[in-house]
Amino acid sequence: MHTPKQSQIQILIQSPDLPIATRALTLNPNSTLRNLKLSLLPPQTLDSFFFTLHGKALHDSSTLQKSGINPLSTLVLRFRLPGGGGDGGATGAESRDCYLNMYAVKKPDKVDPNEQRLSKWTTCSLSFEPLKHPCVVDRLGNVFNKEALVEGLLGKKLPKAFGHIRGLKDMVPIELSVIPGLESDNGGVSAGARYQCPITGLEFNGKYRFFALKTCGHVLSAKALKEVKSSACLVCHEGFKEEDKIPINGSEEEVAALRERMEEERAKLREKKAKKVKNGEVGVNGDEDVSLDSRLSGKKHGIDAKAVGRVDAKMEKNGKAVNGGVVVKGEISGVKRLKAAQVPPNATKEVYASIFTSSRKSEFKETYMCRSLPLGRN
């Protein structure tokens, strides 16, 4: 039986420890990381290097798919430093087994904080794919690719960390300024920062604080907002308030303040909606109530709104009020009576009526051409 061919994925390979340029490779998702190292390094040096993804070390025996490597992900090839010995601290009393046990178990590789920081600011918080237009930010300052976030919402696959995102109202579209000279989103790939502040030119790489303006969506650095003090956006000149500034990938204190503000806004919205339901302005299902005057007034129904207003809350001729004061029996001045349908010229009344009513059964006569009885007679 013919097995379907695995789809290839493209990834980036870079190594700060080796004098090699960043490479873009197209690989099979089922290939292991050890096979990938064999294609890059001599066999005798394989144990001296390891791969990291978003600052986390990967095992050589794992495949690209099981390691969570998505298309256009960046793998960093690191040099594993040997440790121990040569420090002059040996006393001669240690046995040989001590040294063997020391090197028998490999210590876990440390996570590179710089690589982890860069990955957080240049990739989507949900899919870990490189940021590309259109991008959005949630109310807590996390940056996403809009397509990936919408797919997660529709498929109900969002993790618990993003449970506060309930719909499009919790997303703020943002505009990221591409660094001049870099290729566009639809073109090639880049391993470093691709965006910058349009005012100061600071790179969007996590070393500097950035804010997203909720009113217009432009992303500006904290330095630009501090040096040019203004209540309008420095790019489009649209006004904003202090609470409209959303810190991107902020600290724990900033995220806690944003979460508290989000809960307060939702509580106010629920309270406002409850008041509308109590006053009858909004139905239980959230639909706005329609008054009687708006339903009955207008030329379409042939009713004068002023005439209805004059007879509202008046008593009927026999002294009874009907439907909250609107008179049902009797005639109301100013209300036009609908005329009966007139027969068009050159047409009889029976022919014209047959358009709207069925034929009379008494006039039906069976002939030898009939194959079945009409409806209602069988």
Side-chain angles (χ1 to χ4, degrees), residues 14 16 22 54-55 74 76 111-126 128-146 149 161-162 164-165 170-185 187 189-262 264-265:
Q14 63 175 189
T22 302
H54 306 309
T74 302
V76 180
V111 177
D112 187 3
N114 294 326
E115 183 182 348
Q116 196 172 14
R117 169 186 49 79
L118 183 62
S119 175
K120 185 177 182 179
W121 284 73
T122 57
T123 60
C124 172
S125 300
L126 181 62
F128 299 106
E129 296 180 354
L131 292 176
K132 59 181 180 180
H133 183 79
C135 296
V136 295
V137 65
D138 64 358
R139 297 188 180 186
L140 301 184
N142 301 307
V143 187
F144 303 89
N145 289 332
K146 185 175 181 179
L149 185 56
F162 304 133
H164 59 279
I165 304 176
D170 297 325
M171 309 179 195
V172 179
I174 59 174
E175 294 290 338
L176 294 174
S177 301
V178 183
I179 298 177
L182 294 182
E183 298 183 10
S184 61
D185 293 339
V189 289
S190 176
R194 299 189 65 252
Y195 303 102
Q196 66 175 3
C197 174
I199 305 301
T200 60
L202 297 178
E203 291 187 356
F204 191 76
N205 56 8
K207 293 183 179 180
Y208 313 98
R209 296 179 64 202
F210 277 79
F211 290 92
L213 303 182
K214 191 187 299 184
T215 54
C216 61
H218 285 101
V219 178
L220 303 174
S221 63
K223 183 178 180 181
L225 295 175
K226 182 179 179 180
E227 293 182 354
V228 185
K229 296 182 179 180
S230 175
S231 59
C233 176
L234 303 179
V235 179
C236 64
H237 307 292
E238 183 175 351
F240 67 91
K241 300 179 181 179
E242 187 67 23
E243 56 267 20
D244 294 331
K245 295 163 53 177
I246 303 178
I248 297 180
N249 295 327
S251 60
E252 294 182 359
E253 293 79 8
E254 291 175 334
V255 173
L258 290 174
R259 189 180 297 275
E260 184 178 358
R261 184 195 306 174
M262 178 183 65
E264 291 179 356
E265 292 178 356

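Between Cys197 and Phe210, the closest heavy-atom pair is CB-CE2, 3.7 Å. Taking every heavy atom of both residues into account, Cys135 and Leu176 meet most closely at SG-CD1, 4.1 Å. Here the closest non-hydrogen pair linking Asn205 and Arg117 is O-NH1, 2.7 Å. In this structure, Leu220 and Pro198 approach most closely via the heavy-atom pair CD2-CG, 3.6 Å. Closest approach of Gly141 to Leu258, counting heavy atoms only: N-CD1, 4.4 Å. Considering every non-hydrogen atom in both Met262 and Leu140, the closest pair reads CE-CD2, 4.5 Å.
At least one donor-acceptor pair under 3.5 Å links the side chain of Ser125 to the backbone N or O of Val143. Judged purely by atom type and a 3.5 angstrom limit, Tyr195 uses its side chain to pair as donor or acceptor with the backbone of Leu131.
Two residues are said to be in side-chain contact when any heavy atoms from C-beta on lie closer than 4.5 Å; Thr74 and Gln14 meet this criterion. Annotation: side chain of Pro130 is not in contact with side chain of Thr122 (no heavy-atom distance under 4.5 Å). Contact check for His218 versus Ser177: no side-chain heavy atoms found under the 4.5 Å cut-off.
Atoms CG and CG, on Asn145 and Leu126 in that order, are 9.0 Å from each other to the nearest 0.5 Å. Atoms CG and CZ, on Asp170 and Phe162 in that order, are 13.0 Å from each other to the nearest 0.5 Å.
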**Request:** Would you check, one step at a time, whether the test side chain to side chain contact (heavy atoms under 4.5 Å, CB included) holds for Phe144 with Ile165?
**Result:** CA-CA 12 Å; Phe144 303 89; Ile165 304 176; 4.0 Å; yes
**Asked** Yes or no on side chain to side chain contact (heavy atoms under 4.5 Å, CB included) for Glu175 and His133, after CA distance, side-chain angles and deciding distance?
**Response** CA-CA 8 Å; Glu175 294 290 338; His133 183 79; 4.1 Å; yes
Cut-off 3.5 Å, no hydrogens considered: what does the side-chain donor-acceptor table look like for residues 222-244, sequence neighbours left out?
residue	atom	partner	partner atom	Å
Ser230	OG	Ala232	N	3.2
Glu242	OE2	Lys245	NZ	3.2
Asp244	OD2	Lys241	N	2.9

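Residues passing the side chain to side chain donor-acceptor pair (under 3.5 Å) test with Thr123, sequence neighbours excluded: none.
Between Phe128 and His54, the angle of the ring planes lies from 30° to 60°, which puts this pair in the tilted group.
Among the candidates Asn142, Val172, Ile174, Leu149, the single residue satisfying the side chain to side chain contact (heavy atoms under 4.5 Å, CB included) test with Val136 is Leu149.
The stretch residues 196-219 participates, sequence neighbours left out, in these salt bridge (charged side-chain N to carboxylate O under 4.0 Å, His left out) pairs: Arg209-Glu254.
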